[in-house]
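Structure first, commentary second.
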Amino acid sequence: DVGQITLNANKTITPPNGTAVVLNGNSNAYVVAPHHFGISAVTAGPIKAGNNFAATVTAYNGLATPTTTPNFGKEAAPQGVTLTSTLVSPASGVNPALGNGLLAGATFTNGIATASNLTWGEVGNIALSAMLTGGSYLGSGLTATGTSATVGRFIPDHFDSAVVATVSSPIPCPASMTCPTSYNGLVYSAQPFSVQIFARNPAGGTTANYDGTLGFAKATTLAAWNALGSTTTQNPGGGALANNTVAAASFSAGVATTATPTYTLATSLSAPINIYLRAVDTDNVTSLRTVPATSVEDGIKVVNGRIRISNAHGSELLPLPLTATVQYYSGSSWVLSATDNLTSFNSNLIAAGGDLVANVVTGLAGGVSVVAPSVSQVIGGVRTFQLNKPGIPGSVDLTLNAPAYLPSNTARATFGIYKGGNEFIYLRENY
């Protein structure tokens with residue numbers, strides 16, 4: 001066993017024909033320390049980063065078959081044991097300090113103590129190391145240590161999801177709408193948008209070891225829900241979220257970004273809806289928190305969109321202005337997407353596969369061309385450009401070969417009709 005010990009010796013001597021005499025003696029006080037510590041009954045993995053897990057520490061002697069030293073912890077001033085973490089894997093990962101690793105001597109009963117609130121705030125596998133608090137046992141200079149088997153695997157406590165602004169989306173929320181507080185913007189139905197996923201511990205720290213190159217990230221799937229923390233309606237409005245799988249290799253230092261998700265509304269006249277993005281990996285780590293309202297799951301407004309090109313007519317001797325307007329469906333009508341300053345298209349005219357396609361209707365066998373064609377953004381949802389004067393009357397039908405999420409109508413450009421040419425069957429003015 002362990003403790004501070006004094007050896008006592010006595011012997012009774014009886015001289016011949018004499019009186020018996022008792023001889024007594026004692027040694028100086030000396031210390032017997034634990035030989036080593038054993039660590040057992042560790043919580044089995046997977047363990048969520050930053051969450052409590054348990055381990056039992058036992059003080060042992062150094063016999064061939066070690067046994068517990070029950071005096072450990074009964075000293076007048078018990079020293080206790082300090083537990084620390086040693087990173088096993090990933091070898092090049094981050095190893096934060098072990099939480100609540102101090103086992104006070106008074107917590108030991110018959111040489112055994114259990115720590116029930118240990119925490120480690122990262123992802124991976126560790127080993128626990130035990131050592132005497134204070135360095136040596138009862139000031140003797142003797143110490144004891146111990147190491148556990150591998151503990152883990154540790155996984156993230158939860159995910160956070162965030163919509164990320166790019167050069168093409170989302171556009172600011174119109175004043176007539178109420179968009180999710182975060183993210184306060186909208187995308188068109190079937191338009192790709194960008195999402196970031198963060199692997200977190202309970203304190204909100206990013207678990208940097210959740211990394212594809214380190215081997216501890218998992219494939220993660222995004223899902224669309226009708227409200228923050230909702231478990232009521234997935235894919236609201238009957239829509240569908242596509243391109244929503246994030247490969248494990250996409251995670252770097254606990255963060256992954258995907259620019260591919262699209263949410264497609266059920267019909268081309270579906271009303272605008274809000275979706276909230278939930279991340280779940282193959283370990284069932286999720287952005288849905290125990291208290292749903294504390295979940296960090298960014299939302300976004302999804303609307304049907306289109307581009308309208310207006311019919312135009314004018315002199316064959318002058319350039320002809322054309323207007324392209326981005327619109328969204330409000331739920332009752334198509335309205336100007338006035339906050340859209342991101343959508344862009346090429347106004348060049350080519351026969352196929354381009355951005356603006358023209359089909360000759362009459363008189364313009366040589367076709368038409370655009371004045372200074374370019375790729376540029378709409379302003380307030382509107383973009384104007386001009387067709388070069390053909391010099392002869394005729395007409396063409398124009399279709400904008402826009403992204404699939406912004407289908408274009410076909411408009412007719414007619415040359416040789418002058419101002420004052422009445423295109424109204426009946427006109428009445430109100431006073």
Side-chain angles (χ1 to χ4, degrees), residues 45-51 121-124 153-166 169-170 179-187 190-237 239-264 273-302:
I47 304 168
K48 287 190 173 183
N51 284 238
E122 256 298 341
V123 166
R153 184 174 43 97
F154 287 82
I155 62 177
D157 176 72
H158 65 277
F159 289 126
D160 290 343
S161 66
V163 175
V164 182
T166 69
S169 69
C179 296
T181 302
S182 179
Y183 185 95
N184 186 23
L186 64 81
V187 293
Q191 179 186 15
F193 58 97
S194 185
V195 179
Q196 278 188 329
I197 303 171
F198 300 86
R200 304 287 202 195
N201 59 34
T206 302
T207 51
N209 294 348
Y210 195 82
D211 188 299
T213 60
L214 300 180
F216 281 88
K218 299 292 181 180
T220 303
T221 301
L222 290 169
W225 290 82
N226 64 314
L228 175 65
S230 172
T231 56
T232 303
T233 304
Q234 189 173 355
N235 294 328
L241 185 67
N243 304 318
N244 56 328
T245 300
V246 182
S250 298
F251 280 90
S252 175
V255 183
T257 302
T258 174
T260 61
T262 61
Y263 194 80
T264 304
I273 61 167
N274 293 335
I275 62 169
Y276 293 80
L277 298 162
R278 180 162 303 154
V280 183
D281 76 0
T282 53
D283 282 325
N284 205 35
V285 176
T286 176
S287 55
L288 177 63
R289 306 293 295 275
T290 303
V291 179
T294 64
S295 304
V296 178
E297 298 175 329
D298 264 12
I300 197 166
K301 180 77 76 175
V302 183

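Values in this document were obtained by computation on a predicted structure and should not be read as measured data. Any value given below was found using the heavy atoms of this structure, including those in side chains, with hydrogens, waters and symmetry copies removed.
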Side chains of Thr258 and Leu222: closer than 4.5 Å at any heavy-atom pair? yes
What are the two closest heavy atoms between Ala219 and Ala248, and how far apart are they? N-CB, 3.8 Å
Would you say Glu297 and Leu288 make side-chain contact, with heavy atoms under 4.5 Å? yes
Where do Ser295 and Arg289 come nearest, in terms of heavy atoms and distance? OG-N, 2.9 Å
In Å, rounded to the nearest 0.5 Å, how long is the span from CH2 of Trp225 to OG1 of Thr233? 8.0 Å
Expected output: side-chain Ser161 to main-chain Leu277 donor-acceptor under 3.5 Å: yes
Partner of Lys218 by side-chain contact (heavy atoms from CB on, under 4.5 Å), out of Asn284, Val280, Asp283: Asp283
Where Gly124 and Phe216 come nearest, the two heavy atoms and their spacing: CA-CE2, 3.5 Å
Kindly indicate, with the supporting measurements, whether the criterion side-chain contact (heavy atoms from CB on, under 4.5 Å) is fulfilled by Ile300 and Tyr263. CA-CA 10 Å; Ile300 197 166; Tyr263 194 80; over 6 Å; no
Dump the intermediate steps for side-chain contact (heavy atoms from CB on, under 4.5 Å) on Lys301 and Asn274, then the final yes or no. CA-CA 4 Å; Lys301 180 77 76 175; Asn274 293 335; 3.1 Å; yes
Report the distance from atom CG of Asp281 to atom CD1 of Ile155, rounding to the nearest 0.5 Å. 7.0 Å
Take Tyr210 and Thr220 through the side-chain contact (heavy atoms from CB on, under 4.5 Å) test and state the conclusion after the steps. CA-CA 12 Å; Tyr210 195 82; Thr220 303; 3.9 Å; yes
Gly121 versus Ala49, closest heavy-atom pair with distance: C-CB, 3.8 Å
To check you understand the geometry: which heavy-atom pair defines the closest contact between Val163 and Pro170, and what is its length? CG1-CG, 3.9 Å
Thr213 and Ser252, any side-chain heavy atoms less than 4.5 Å apart: no
Value for CG (Asn226) from OG1 (Thr232), rounded to nearest 0.5 Å, stands at 5.5 Å
Kindly determine whether Asp298 and Ser182 satisfy side-chain hydrogen bond (donor to acceptor under 3.5 Å, both in side chains), including the steps that lead there. CA-CA 5 Å; Asp298 264 12; Ser182 179; 2.7 Å; yes
Just checking, is any N or O donor in the side chain of Thr207 or Arg200 under 3.5 Å from an acceptor N or O on the other one? no
Do the side-chain N and O atoms of Thr257 and Gln196 include a donor-acceptor pair separated by under 3.5 angstrom? yes
Supply the atom-to-atom distance Leu241 CG to Arg278 CZ, rounded to the nearest 0.5 angstrom. 12.5 Å
Going through the distances and angles, do Val195 and Asn244 end up as a side-chain contact (heavy atoms from CB on, under 4.5 Å)? CA-CA 10 Å; Val195 179; Asn244 56 328; over 6 Å; no
Between Tyr183 and Phe193 (judged by ring centroids, cut-off 6.0 Å), do the two rings come close enough to count as a pair? no
Kindly give the heavy-atom pair with the smallest separation between Phe251 and Ala217, and that separation in Å. CB-CB, 3.7 Å
